[in-house]
Amino acid sequence: SDMVGARQAVFVLSLALVALASGQAYREEWFTQTLDHFNAETKPATFQQRYLINDTYWDREEGVILFYTGNEGDITSFADNTGFMFDIAPKLRALLVFMEHRYYGKSLPFGDASLQRGNIGYLSVEQALADYAQFLTDFRTRHNVETQPVVAIGGSYGGMLAAWIRMRYPDVIDAALAASAPLLMAETVYENHYAFFETVTKDLASRHAQCPDLAREAYAEVERLRDSAEGRRELERVFRLCHPLNTESDVEHMILWSVNGFTSLAMMDYPYPTDFLAPLPAFPMNQACDALRAHEARGNILEGLAEASGLFYNGTSGALSCFDTHTEFISCADQTGCGVGNNGKAWDYQACTEVVYFMSTNNKTDMFPARKWTLDDLTAYCKRTWGVIPRAGWLAQQFGGRRIAYTSRIIFSNGALDPWKSGGFLPGRNSLGKDLVTLEIPSGAHHLDLRGATPEDPADVTRTREEELRYIMKWTAEARAERSRSYA
């Protein structure tokens, strides 16, 4: 719709301003990349892969290369929301490179036909890691900087890629910062499928203990109203829906849309207003909790749920006249949401092949209507949608699951408010081995540590960033000495 278009235009403009305001300038460049690193016969042989580069502080003799392992989206949005790399560049005299993941943004091997069956099969974790390794190897040779250490940095799926590339290509990548990276979930070695939505619920409770119960009560009301035509009319009115709820599955979709709204607020529960996934106020979960309580006080709990659910989709402006749940949320293989548009489709494919999650809700440890999502459900969906069968356990077989003592020089950071933390390596829960560091940020949401420093930052995230920088400085010094010996 035009409304969404207008919102995206404003969103893109504000990102551009953010980039300029914080000095996050970069050049866009392109690399001729191998399409299939594992089959010499594949045609076409190559595609154009985009990367962003900033060499303002780079010292070709004594510097380091900070390499952002692009994840499931347009690389400019990750660069504009990873101010930490720009903040530490002067201290490390670093070159910054943000590389776009194949099949996302503008790095489309088959242009507009990239996501068709027959073309999408080259979208995999292995191919993406090989892309980054090939680019870096070529870049080092071209610029004659073989002795420069490279640190892989990423958040969320990008954080998994940062850890995995250090594990898979330790000769190319000297150290990694994996922020909010749920490796154990993605590698399907993690048994507690309810923990994700439990954290979303706890986030809401941290504002006021009563809020999850109010949400539970409101969802029970939705369940009560869904069975009759009059009840569905009532839901359409209260939730301000653009389209009627004609069927059972329309209501089911509206519930998933609502759950995704809360999930996104929990991930973006930052201490200041942000524009990363949507224009949101500071600590948006507080606003959701306040809405539930205010409407309950007026005796209409359902209105509270409607307002809290819509906050993520409506942003701070609240300009939407109605909610189009089918365009705002697309249900997919990943029960935490895939996003919309082509990037969402590409992630759906990855969630159907390798990155296999089983988030479920039980209405006991979480506040959402009970919904179990099993390997059978996922397999049926993936066969129907993509003609593929998910390979649960395949990533663990490649990278080791919990057994990662074979690798070194990786920082795993997680925020206590982030629903993804339950699938990550946490302090105290995982003793990993030498030079594998786990950090937890009590007031942090989804990879808050990768964002640029601001006066509103809680002290704990500032401390975490300082600690991360100390490790990066120590490890890059060691790596430089090792490299100088090998290339002497």
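Under the 3.5 Å distance criterion, the side-chain polar atoms of T82 are left unmatched by any main-chain donor or acceptor of A79. Checked by atom type and distance alone, the side chain of E72 never pairs as donor or acceptor with a backbone atom of A346 at under 3.5 Å. The closest donor-acceptor contact from the side chain of E29 to the backbone of I53 lies at 3.5 Å or more, if one exists at all. Under a 3.5 Å cut-off, the side chain of D348 and the backbone N or O of D334 do not form any donor-acceptor pair. Side chain of E328 to main chain of N314: no donor-acceptor pair is present (N/O by atom type, distance under 3.5 Å, no hydrogens or angles). Checked by atom type and distance alone, the side chain of Y270 pairs as donor or acceptor with a backbone atom of H446 at under 3.5 Å. Listed for the Q127 side chain is a donor-acceptor partner under 3.5 Å among the backbone atoms of H37. Counting only distance, with no hydrogens or angles, the side chain of Q335 and the backbone of M359 share no donor-acceptor pair below 3.5 Å. A donor-acceptor contact shorter than 3.5 Å is absent between the side chain of Q49 and the backbone of S107. Proximity of a side-chain donor or acceptor of R216 to a complementary backbone N or O of N363 within less than 3.5 Å is detected.
Residues Y103 and Q350 bring no donor and acceptor atom of their side chains to less than 3.5 Å of each other. Judged purely by distance below 3.5 Å, without hydrogens or angles, the side chains of D460 and S443 pair a donor atom with an acceptor atom. At a cut-off of 3.5 Å, with distance as the only test, a side-chain donor of S258 or Y219 sits close to an acceptor on the other residue.
Around the OH atom of Y57, the shell of radius 6.0 Å holds no more than 12 heavy atoms that belong to other residues, nucleotides or ligands. More than 12 heavy atoms of other residues, nucleotides or ligands lie within 6.0 Å of CD in E456, so this atom counts as buried by the packing criterion.
Closest non-hydrogen pair, E126 versus W394, comes out as OE2-NE1, 3.3 Å. The minimum heavy-atom distance between M267 and A445, with the atom names listed, is O-CB, 3.3 Å. Residues A392 and L375 approach most closely at CB-CD1, 4.5 Å, considering heavy atoms. For the pair I173 and A152, the tightest heavy-atom approach, listed with the atom from each and the gap, is CG2-CB, 3.8 Å. A pairwise comparison of heavy atoms in L417 and D269 identifies CD1-O, 3.9 Å as the closest pair. Closest heavy-atom contact between W475 and A175: CE3-CB, 3.8 Å.
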Steps toward side chain to side chain contact (heavy atoms under 4.5 Å, CB included) verdict (H208, D290): CA-CA 8 Å; H208 196 283; D290 292 348; over 6 Å; no
Steps toward salt bridge (charged side-chain N to carboxylate O under 4.0 Å, His left out) verdict (D366, R371): CA-CA 11 Å; D366 60 68; R371 182 170 190 269; over 6 Å; no
C338/I330 under side chain to side chain contact (heavy atoms under 4.5 Å, CB included): CA gap, chis, key distance, verdict: CA-CA 7 Å; C338 290; I330 292 168; over 6 Å; no
R409/E482 under salt bridge (charged side-chain N to carboxylate O under 4.0 Å, His left out): CA gap, chis, key distance, verdict: CA-CA 14 Å; R409 292 188 191 142; E482 289 164 14; 2.6 Å; yes
D377 and T374: CA distance, side-chain angles, deciding distance, side chain to side chain donor-acceptor pair (under 3.5 Å) verdict: CA-CA 5 Å; D377 297 324; T374 64; 3.2 Å; yes
Check against side chain to side chain contact (heavy atoms under 4.5 Å, CB included), I75 and Y26: CA-CA 12 Å; I75 194 61; Y26 39 72; over 6 Å; no
Chi angles and distances behind the salt bridge (charged side-chain N to carboxylate O under 4.0 Å, His left out) call for R470, E466: CA-CA 6 Å; R470 274 203 304 280; E466 285 163 1; 5.2 Å; no
Residues K106, E28; criterion side chain to side chain contact (heavy atoms under 4.5 Å, CB included); working and verdict: CA-CA 11 Å; K106 293 183 182 173; E28 180 183 86; 3.9 Å; yes
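No option in F86, F84, Y132, F98 other than F98 meets the ring-ring contact (aromatic ring centres under 6.0 Å, His included) test with Y68. Partner of F31 under the ring-ring contact (aromatic ring centres under 6.0 Å, His included) criterion, chosen from F135, F139, Y51: F135.
Between H193 and F358, the two ring planes are perpendicular [angle over 60°; tilted spans 30° to 60°]. Between W164 and F399, the ring-plane angle classifies as parallel under the 30° and 60° cut-offs.
In this structure, P390 and T379 have side chains that are in contact, with non-hydrogen atoms separated by less than 4.5 Å. In this structure, the side chains of Y169 and T137 stay at 4.5 Å or more apart for every pair of heavy atoms. Taking 4.5 Å as the limit, every side-chain heavy atom of T365 sits out of range of all side-chain heavy atoms of T201. Residues M167 and Q398 form no side-chain contact, since every pair of their non-hydrogen atoms from C-beta on lies 4.5 Å or further apart. The shortest distance between side-chain heavy atoms of E468 and L450 does not fall below 4.5 Å. Side chains of V125 and T353 form no contact here, defined as non-hydrogen atoms less than 4.5 Å apart. Between K372 and Y194, some side-chain heavy-atom pair lies under the 4.5 Å cut-off. Inter-residue side-chain proximity for L184 and R402 is flagged as met; some heavy-atom pair is nearer than 4.5 Å.
Between D457 and R465, at least one side-chain nitrogen of the basic residue sits less than 4.0 Å from a carboxylate oxygen of the acidic one, meeting the salt-bridge criterion. Electrostatic pairing of R50 and D74 counts as a salt bridge here, judged by a charged N lying under 4.0 Å from a carboxylate O. Between R483 and E146 there is no salt bridge, since none of the side-chain N atoms of the basic residue sits less than 4.0 Å from a carboxylate O of the acidic one.
Between atom OG1 of residue T199 and atom NZ of residue K421 there is a gap of 5.0 Å, rounded to the nearest 0.5 Å. For the atom pair Y349 OH and S114 OG, the distance stands at 13.0 Å (nearest 0.5 Å). Within the model, atoms CZ of R166 and CG of D174 stand 6.5 Å from one another, a figure rounded to the nearest 0.5 Å. Rounded to the nearest 0.5 angstrom, F78 CZ and H101 NE2 are separated by 9.5 Å. Residue F196 holds its CZ atom at 4.5 Å from CH2 of W420, rounded to the nearest 0.5 Å. Here the CD atom belonging to E467 is positioned 11.0 Å from the CG atom belonging to D449, to the nearest 0.5 angstrom.
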